[in-house]
Amino acid sequence: MDFQVSARKWRPQKFSELIGQEHIVRTLSNAIELERVSHAFLFSGTRGVGKTTTARIIARVLNCEKGPTIDPCGVCTFCTEITAGNCIDVQEIDGASNNGVQEVRDLIDNVQYATSAARYKVYIIDEVHMLSKSAFNALLKTLEEPPPRVIFIFATTELIKIPETILSRCQCFEFKPLSQPQITQQLELICEQENIEIEKRGLEDISKIGAGSMRDAQSLLDQVIAYSGRKVNSESVEAVLGIVGGNTLETFVDKLIDRQPAALVSLIQEIVRQGKDLGLFCRSLMEYLRNLLIVKISKEPEGLLNSHTYSLEILKKQAEKFQADELQVMFAILTRAEMEMKRSSLSQMVFEMALLRLIETRPFQKIDELINKINQSENSNIQSLPVQSESSNSQETFSAPNVAQNTVSESTPVSWKQIKQQVSRTKPFFEHYLEKCQVPVLNEKEIHLVFHDKFTFDLVETPENIQFLKETAKTVCGHDVDIKLILDTSQPPATGAGAEKKKTVDNEETETGKQKSESEIIQDALDIFGGVVVK
Ligand SMILES: [Zn+2]
């Protein structure tokens, strides 16, 4: 089979075939029809959006035997030579490899000669930001007083690196990244013409990964076709691109709804084992949550959904299990995780920790309900506050009333918060585990950590982790402290919302009957329920 890569085969040959750059096409078409063509253009924009293609179209538009015309014939000597890249009057220069002052001087010498046959000499300099400073300076003079019938077209992905003196002598155009539907539509057209059978879902996945670049999307399509032949199913697209399919996302969210942390973590391991990209999965999950939110808030969500990859029926069913603000908090957790994953060499762990936080988010409580709960508990004067990791109350220190008896000496009180801060300094991710436990005993000799879910308990209870905790406590306290881990599944997890809290430590402030401000109450609520203020 005579194979030609899609990006080259389907390269637009005239303005009307260019996709997504209507603003540029209109300005250029007008200029040509009015015969007011600039002698220097600068095209900027991300890769694969049509900069060099547009430059070649301009060369054809100006030099076509039937032209200048915005609709070049495509069959005359000039049109075919320019398309094939062997027209002597249209030169394409790679700025990255011809970036020295001598190359530019040679070019300028060449500029002075009249065209051999074409109407215009066109110099297309790609990656022009790679030119050296002296090379740019050598160009300046020519740009100021260009010989007649010479056109320069510069293309760059890094506009910021182009000197102001050059910018001011060019007509500048910024090329926009292409939208997902624009890319999908073009891929659909290519497949139709090439007799490739492919599901729309697969094309959407390719466009998504193409991220605004038509060229990238087209070469991904080539890869997929090379792998599967003329009949392509979504599974093979997923396999080639390393993405996690819609079915896995649906299963994933089901496990989230059922609060099955272990199942989620093993699903993640499976995804990694299959060699798929966790960062991409995190973004797909964000998109999925966004779609759940849309389904939740809109009566006619079809037109608003980001992708048609997912089953609307399943989305609707799952959306019923979430509250809108809960989905927003989950989205915020994933946004942060996605950024942290890029920076971390332990991206899988970062993602796992984020997932555990997602589970803790559920079920999300309304803030005014929480305030009511706090007020009720204050009014009835029931001491029901557990020691919470985020809390900064004095209840956590050795000098708190009920643990004071255990204190051996009158040394400086050490708080659980201080120990946790030390943990976060040496093992940042470990702190997440400790957010789930209660600390009923904390004195100079020993610290008891009570976990209410077996999953976290098992994660923490390893000889290395206990040793790590002992060392951390020693660093903070200045002497050996015994660490005891206790699993108590008779109570719901400490962060579970709405659960009745067992009395653990007295709260000084409520004992003194001090009135709390609303912001303090909200902070208490957040401490108790492990929530986040979204707005
Ligand atoms: Zn022509």
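Basis for what follows: all heavy atoms, side chains included, without hydrogens, waters or symmetry-related copies. For reference, positions follow the sequence shown, starting with 1. For ligands, and for the atoms within them, numbers begin at 1 and follow the listed sequence.
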Can you tell me if H39 uses its side chain to pair, donor with acceptor, with the backbone of E144 under 3.5 Å? no
Just jot down the side-chain contact (heavy atoms from CB on, under 4.5 Å) partners of A332, sequence neighbours excluded, or say none. none
Contacts of type side chain to side chain donor-acceptor pair (under 3.5 Å), residue T251, not counting sequence neighbours: none
Metal environment of the Zn ion (ligand 1), protein N/O/S under 2.8 Å: C64 SG, C73 SG, C76 SG, C79 SG
More than 12 heavy atoms of other residues, nucleotides or ligands under 6.0 Å from CD of E174: is that the case? no
Y123: side chain to side chain donor-acceptor pair (under 3.5 Å) partners, not counting sequence neighbours: N110
With a 4.5 Å limit on heavy-atom distance, are the side chains of E204 and K208 in contact? no
